[in-house]
K.L.:
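Got a structure for you, questions after.
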Protein chains: 2
Amino acid sequence: MATTTAAQRREQAKRDYDAFLERCPTRELLSRLTDKWVALVIPALANGPQRHSELAGRIAGVSQKMLTQTLRTLERDGLVTRTVTASVPVRVDYELTSLGHELFPVMVAIKNWAEMHMDQVFEARAQFDARP
Amino acid sequence: MATTTAAQRREQAKRDYDAFLERCPTRELLSRLTDKWVALVIPALANGPQRHSELAGRIAGVSQKMLTQTLRTLERDGLVTRTVTASVPVRVDYELTSLGHELFPVMVAIKNWAEMHMDQVFEARAQFDARP
DNA sequence: CTGCATCCCTCCTGATACTG
DNA sequence: CAGTATCAGGAGGGATGCAG
């Protein structure tokens, strides 16, 4: 068929790739996606383009180095676009690509899960640590 | 109200916690959840209890140390139960708790996303690397 | 404002070897 | 079979200074 849909291609890809296998390239991609800063940067880009300084302000505690590094990787992987506006001083905006928008709900889900279940995890840890 | 539902409590928790804040405890929880091995171990526990060796076989390339370490942390956080059967040799089974089952779909989503979008990421990287 | 380079230190990770 | 202990390499991450 020449008319395979995007969904069909993705189903095919899911059969071809398996992160349980050691040498599968998805293993490396998975380790990139499972990154603390990625899980914060992607959700932070929810409301359209953001400047470097805006992101740094929103994601408290991120160093300039890690933010730049994370954004570079995301850009290379096609999840984020980097737009430079030649002005003085220079303005740089980051925005989710369509691929980035597909990842967005997944990253938000993790962040939300952590926020919604923090208390239950605290309780579990207390019980665990109180064991003889 | 004395009759708050679990869903309501979670909504409340979501207002109380914010991983964007540096000192919020969810920041630490988030960094634990965004772990390559967690994203593989949780999905691997899909079909009921699994032994240490079964997990090691399924998740190719994981070292015995990292598997044990990951399972310990998951157990402490209340996501996994560890059951020891006193036999010779000893048998140890790991199983998702109800809390673990709530995290399950999120972890599977990441793993699937990586497998389904690997090709698009490859393409983006090729374009990025080919730039002047 | 944004980003690169450098130094430096911590912690993660994986091999190996050893106990119950 | 399951788990602990140990060690060495390397990646992760922070601070600072400089450049476009």
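Letters go in sequence order (proteins before strands), and every chain restarts at 1. The figures here come from the full heavy-atom set of this structure, side chains too, leaving out hydrogens, waters and symmetry mates.
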K.L.:
With clusters defined by side-chain heavy atoms of hydrophobic residues (ILVMFWY) lying less than 4.5 Å apart, directly or transitively, does Leu33(B) cluster with Leu21(B)?
P.N.:
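Leu21(B) and Leu33(B): separate clusters.
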K.L.:
Considering every strand and a 4.0 Å limit on heavy-atom distances, what is the contact class for Gln69(A): base, sugar-phosphate, or nothing?
P.N.:
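It contacts nothing in the nucleic acid.
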K.L.:
Could you tell me the separation between the CG atom of Asp93(A) and the P atom of dC1(C), rounded to a whole number of Å?
P.N.:
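Roughly 14 Å, once rounded to whole Å.
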K.L.:
Please determine if a side-chain N or O atom of Tyr94(A) lies less than 4.0 Å away from the OP1 or OP2 oxygen of dG3(C).
P.N.:
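For dG3(C), OP1/OP2 do have a side-chain N/O of Tyr94(A) under 4.0 Å.
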K.L.:
If you find the nucleotide of DNA chain D closest to Gln64(A) and the one closest to Thr68(B), which residue's nucleotide is nearer the 5' end?
P.N.:
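Closest to the 5' end, via its nearest nucleotide, is Thr68(B).
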K.L.:
Using OP1 and OP2 only, check whether a side-chain N or O of Arg82(A) sits under 4.0 Å from dT2(C).
P.N.:
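For dT2(C), neither OP1 nor OP2 has a side-chain N or O of Arg82(A) closer than 4.0 Å.
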K.L.:
On the nucleotide dT2(C), are OP1 or OP2 found under 4.0 Å from the side-chain N or O atoms that Arg51(A) carries?
P.N.:
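So the side chain of Arg51(A) is within the cut-off, an N or O lying under 4.0 Å from OP1 or OP2 of dT2(C).
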K.L.:
Between dA2(D), dC1(C), dT2(C), which one does the side chain of Pro89(A) approach most closely?
P.N.:
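Per side-chain heavy atoms of Pro89(A), the pick is dC1(C).
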K.L.:
With respect to the side chain of His52(A), which nucleotide from dT2(C), dT4(D), dT13(C) is positioned closest?
P.N.:
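Nucleotide nearest to His52(A)'s side chain: dT2(C).
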K.L.:
Can you tell me how far C1' of dT13(C) sits from CG of Leu67(B), to the nearest Å?
P.N.:
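Checked: the CG to C1' distance equals 14 Å.
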K.L.:
For atom CD of Glu123(B), decide whether the heavy atoms of other residues, nucleotides or ligands shown that lie under 6.0 angstrom number more than 12.
P.N.:
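No.
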K.L.:
In whole angstroms, how far is the C1' atom of dG14(C) from the CZ atom of Arg27(A)?
P.N.:
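Atom CZ in Arg27(A) sits about 14 Å away from atom C1' in dG14(C).
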K.L.:
Can a donor-acceptor pair be found between the side chains of Glu102(A) and Ser98(A) at a distance below 3.5 Å?
P.N.:
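Glu102(A) vs Ser98(A): no donor-acceptor pair found between side chains.
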K.L.:
Any idea which heavy atoms bring Ala56(A) and Leu67(A) closest together, and the distance?
P.N.:
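That closest heavy-atom pairing would be N-CD2, 3.7 Å.
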K.L.:
Would you kindly give the NZ-to-C1' distance between Lys65(A) and dA15(D), to the nearest whole Å?
P.N.:
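Atom-to-atom, Lys65(A) to dA15(D), this comes out as 9 Å.
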K.L.:
Which whole-number value in Å describes the distance from Met66(B) CE to dA11(D) C1'?
P.N.:
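Spelled out: CE on Met66(B) to C1' on dA11(D) is 13 Å.
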K.L.:
Rounding to an integer number of Å, can you tell me how far Glu22(A) CD sits from dT13(C) P?
P.N.:
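Rounding to the nearest Å, CD of Glu22(A) and P of dT13(C) are 15 Å apart.
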K.L.:
What's the CZ-C1' distance between Arg91(A) and dG20(D), to the nearest Å?
P.N.:
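So the two atoms are 18 Å apart, to the nearest Å.
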K.L.:
What's the closest nucleotide to the Ser53(B) side chain, out of dC1(D), dG13(D), dT2(C)?
P.N.:
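Minimum distance to the Ser53(B) side chain belongs to dC1(D).
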K.L.:
Can you see whether Phe20(A) has Lys111(B) sitting over its ring - NZ or CZ less than 6.0 Å from the centre and within 45° of the normal?
P.N.:
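Yes, Lys111(B) lies over the aromatic ring of Phe20(A).
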K.L.:
Over how many whole Å does the gap from Lys36(A) atom NZ to dC11(C) atom P extend?
P.N.:
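So the two atoms are 12 Å apart, to the nearest Å.
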